[in-house]
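Accompanying notes for the structure given below.
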Amino acid sequence: MAETVRRPGLDTQGFIEREGSLGRIPHAFRPVVAAARDRLLDVFGARLHSAYLYGSIPRGTARVGRSDLDLLLALREEPTDADRDDARDVDETLDKEFPQIDGSGTLLVSRAQALSDLETYDLGWFIACLCTPLLGEDLAEYLPRYRPDTLLARETNGDLALLLPRWRERIAAADDTEAALRPLVRFMSRRLVRTAFTLVMPRWNGWTSDLREMAEAFAEYYPARAEQLRTAAALGFEPAGDAAVLRSYVDDLGPWLAEEYARVHGVKTPRP
């Protein structure tokens, strides 16, 4: 009898475990997180329902001077333009004050949006499984547990076809310089690798946020595209401002991946 492969990221019942914790934050980044906590309370006050960390810092894999600070805020009401301005000010202040981070980015959502039926298997899953509570009441208490199934795959990354035209516009508008192209390579590489991983996630039956592990999981099922994904994973970790890479993403890998994703999992439920 063949031995069942135990994949990472799942508990004994097959649900995706929440990744990250405050206890995993590397020592060098703890002052950054403490300052972020204080400033979010000062700036948003009673408007703030809860705040979360996500990304490499709460996973314990952040690199000094290379990793950014990723925050998600759930507000009691729908975010306003003034709220977004306040969040940008917090991000800019933290980035200037702490050389440990290479930028700070804050996502704003409302409590109602996070707990809506439409977002249960996208934003809700993101909060429940990929976000670490920092302030306030944890919305995960109101959300279901999640398995790495085709519903989750469709609702998290089944919208790549809609993104590709916007990516082409961003590439066309960018200056042909290392400084301008490098962030695009990093962002698009990561998104494509994550999408490729969730394409195979139900068959692989596990979860990981490690780009290289994602690429290897994908390679098990699509060996003809394996090297493209391994290269994208490497560029997501150490990006280079290469226009040819970006063109290959929107002309070849991206369209193929979007078509295969729709064939296997269907298309993400449309948003307003």
Side-chain angles (χ1 to χ4, degrees), residues 4-21 52-56 58-59 70 72 74 107 109-133 138-164 187-222 225 229 232-233 236 254 256-272:
T4 300
V5 177
R6 179 69 183 273
R7 298 297 191 184
L10 304 184
D11 66 15
T12 56
Q13 296 177 301
F15 294 107
I16 297 175
E17 293 183 304
R18 194 175 214 168
E19 63 177 28
S21 71
Y52 306 82
L53 295 169
Y54 66 95
S56 61
R59 291 200 303 267
D70 296 308
L72 182 143
L107 299 178
V109 301
S110 69
R111 181 185 186 278
Q113 179 189 4
L115 297 180
S116 67
D117 291 342
L118 186 63
E119 293 292 344
T120 298
Y121 288 88
D122 189 10
L123 176 59
W125 164 79
F126 179 74
I127 290 172
C129 294
L130 304 190
C131 288
T132 297
D138 184 8
L139 290 173
E141 297 296 327
Y142 301 93
L143 293 163
R145 305 200 65 197
Y146 298 88
R147 297 185 186 276
D149 57 20
T150 195
L151 172 60
L152 184 62
R154 182 178 72 242
E155 293 304 309
T156 52
N157 288 306
D159 57 351
L160 182 59
L162 295 178
L163 298 179
L164 289 174
F187 167 75
M188 293 179 189
S189 297
R190 292 186 170 211
R191 181 60 190 261
L192 288 173
V193 172
R194 288 166 179 158
T195 301
F197 170 70
T198 51
L199 170 64
V200 304
M201 176 183 66
R203 286 177 280 176
W204 195 70
N205 193 33
W207 175 261
T208 177
S209 283
D210 183 283
L211 294 176
R212 293 187 177 94
E213 290 180 356
M214 287 180 164
E216 292 307 317
F218 172 85
E220 292 183 26
Y221 303 94
Y222 293 94
R225 294 275 180 172
L229 256 292
W256 173 83
L257 185 55
E259 182 178 352
E260 182 66 2
Y261 213 100
R263 184 187 71 81
V264 174
H265 297 303
V267 177
K268 184 174 182 174
T269 303
R271 266 51 177 174

Atom of [X], atom of [Y] and distance for their closest heavy-atom approach:
X    : Y    : result
A161 : A258 : N-CB, 3.8 Å
P148 : N205 : CG-OD1, 3.4 Å
A233 : V193 : N-CG2, 3.6 Å
Y54  : L107 : OH-CD1, 3.4 Å
S189 : G236 : CB-N, 3.7 Å

Would you say [X] and [Y] make side-chain contact, with heavy atoms under 4.5 Å?
X    : Y    : result
W204 : P8   : yes
N157 : M201 : no
L123 : Q113 : yes
Y52  : L130 : no

Qualifying residue, where the test is ring-ring contact (aromatic ring centres under 6.0 Å, His included) with W207 and the options are W125, F15, Y146 |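 When W125, F15, Y146 are each tested with W207, the ring-ring contact (aromatic ring centres under 6.0 Å, His included) holds only for W125.
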With sequence neighbours left out, which residue pairs that include part of residues 110-127 fulfil the salt bridge (charged side-chain N to carboxylate O under 4.0 Å, His left out) condition?
->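 Those involving residues 110-127 are E119-R271, D122-K268, D122-R271.
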Would you check if there is a donor-acceptor pair between the side chains of Y121 and T269 at a distance under 3.5 Å?
->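 Short answer, no.
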Contacts of D210 that satisfy side-chain hydrogen bond (donor to acceptor under 3.5 Å, both in side chains) - sequence neighbours left out =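 side-chain hydrogen bond (donor to acceptor under 3.5 Å, both in side chains) list for D210, sorted by chain: empty.
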Could you give the distance from CZ (R190) to CE (M214), rounded to the nearest 0.5 Å?
->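 One finds 10.5 Å between CZ of R190 and CE of M214.
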